[in-house]
Amino acid sequence: MTAQFDLQSVSVHFGQLHALQAIDLQIVKGDRLALIGANGSGKSTLLRVLHGLISAQSGQLTGDITVHPEVRLAMLFQRPHMLRMSVQANVALPAYLGGQPWKTAKTGALAALQRVGLQDQAQRPAKALSQGQQQRLAVARAMVMQPNVWLLDEPTASMDPHAKREVESLMHEFATPLGMTLIFASHNLGQVKRLATHVAYLEHGQLMAYLPVAEFFDPERLRAVSTRADAFLKGEFAGL
């Protein structure tokens, strides 16, 4: 199967900081890949390289994403930016900028808001929503773009348990039936187990382990691949 993303020795540096170091990674269409690692490990940089927001200084990114213009990407940040507009307008604007008439875009936005349970908030200022509601709005904003690839950077960090469950449920509902490629950074190991098909462990910009989720959480298998990833996982579980 052709890789949707094929990274070959991809490196990114910001001055003296080596954010990514010679990353080799293939991501196949329909994969649900969790990126894990400590803060500063390179997860956010990798997501931005996949989205095209950051260019690699060396190496190359190929795959379907580079040759098929119909592949659409959407990115969800930990704290999504809300425009000083209504909830409905925040969702409709990307579709309008993509070429839809404003009336059509607003209708589609309302349907997307209904899917995430925010239809009753459509005319409220988007900035007045709670953090959990804003993240659900961001999911609706991604929906109207009908992406093939969904990139999420710590989408449920700093949320209360109820909001986390809501957003996680939307991630599963939105991505899984459509065969969408889902790539997300997370510190929540339970979330990784529930949502991911594969796990990549990053440390100081290096890819230390890449395994199917069941193998990643198998101590013997993980230890055979990377003692550093095994040590990280033991430390995370010790803190639970």
Q134 and Q131: side-chain contact (heavy atoms from CB on, under 4.5 Å), yes or no, with the steps? CA-CA 5 Å; Q134 288 189 10; Q131 184 182 356; 5.6 Å; no
Tell me, with the steps shown, if T107 and T104 meet side-chain contact (heavy atoms from CB on, under 4.5 Å). CA-CA 5 Å; T107 300; T104 303; 5.7 Å; no
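For S130, the side-chain contact (heavy atoms from CB on, under 4.5 Å) test picks out Q133, with sequence neighbours left out.
Screening residues 124-167 for ring-ring contact (aromatic ring centres under 6.0 Å, His included), with sequence neighbours left out, gives W150-F174. The stretch residues 34-53 participates, sequence neighbours left out, in no ring-ring contact (aromatic ring centres under 6.0 Å, His included) pair at all. Within the structure, no pair that satisfies the ring-ring contact (aromatic ring centres under 6.0 Å, His included) test touches residues 110-135, not counting sequence neighbours. For the side-chain hydrogen bond (donor to acceptor under 3.5 Å, both in side chains) condition, the pairs that include at least one residue of residues 199-217, sequence neighbours left out, are Y201-E203, E203-R228, E215-R221.
The closest donor-acceptor contact from the side chain of E166 to the backbone of G132 lies at 3.5 Å or more, if one exists at all. Between the D31 side chain and the V28 main chain, a donor and an acceptor come within less than 3.5 Å of each other. Checking side-chain atoms of Q135 against main-chain N and O of F77 turns up a donor-acceptor pair under 3.5 Å.
One side chain, D153 or S44, offers a donor N or O that lies under 3.5 Å from an acceptor on the other. There is a side-chain donor-acceptor pair under 3.5 Å between S186 and Q191.
Cluster partners of L83 are M85, L93, Y96, L97, W102, counting Ile, Leu, Val, Met, Phe, Trp and Tyr whose side-chain heavy atoms approach within less than 4.5 Å, directly or via other members.
Between L189 and L233 there is a side-chain heavy-atom pair separated by less than 4.5 Å.
Using a 4.0 Å cut-off between charged nitrogen and carboxylate oxygen, K164 and D160 do not count as a salt-bridge pair.
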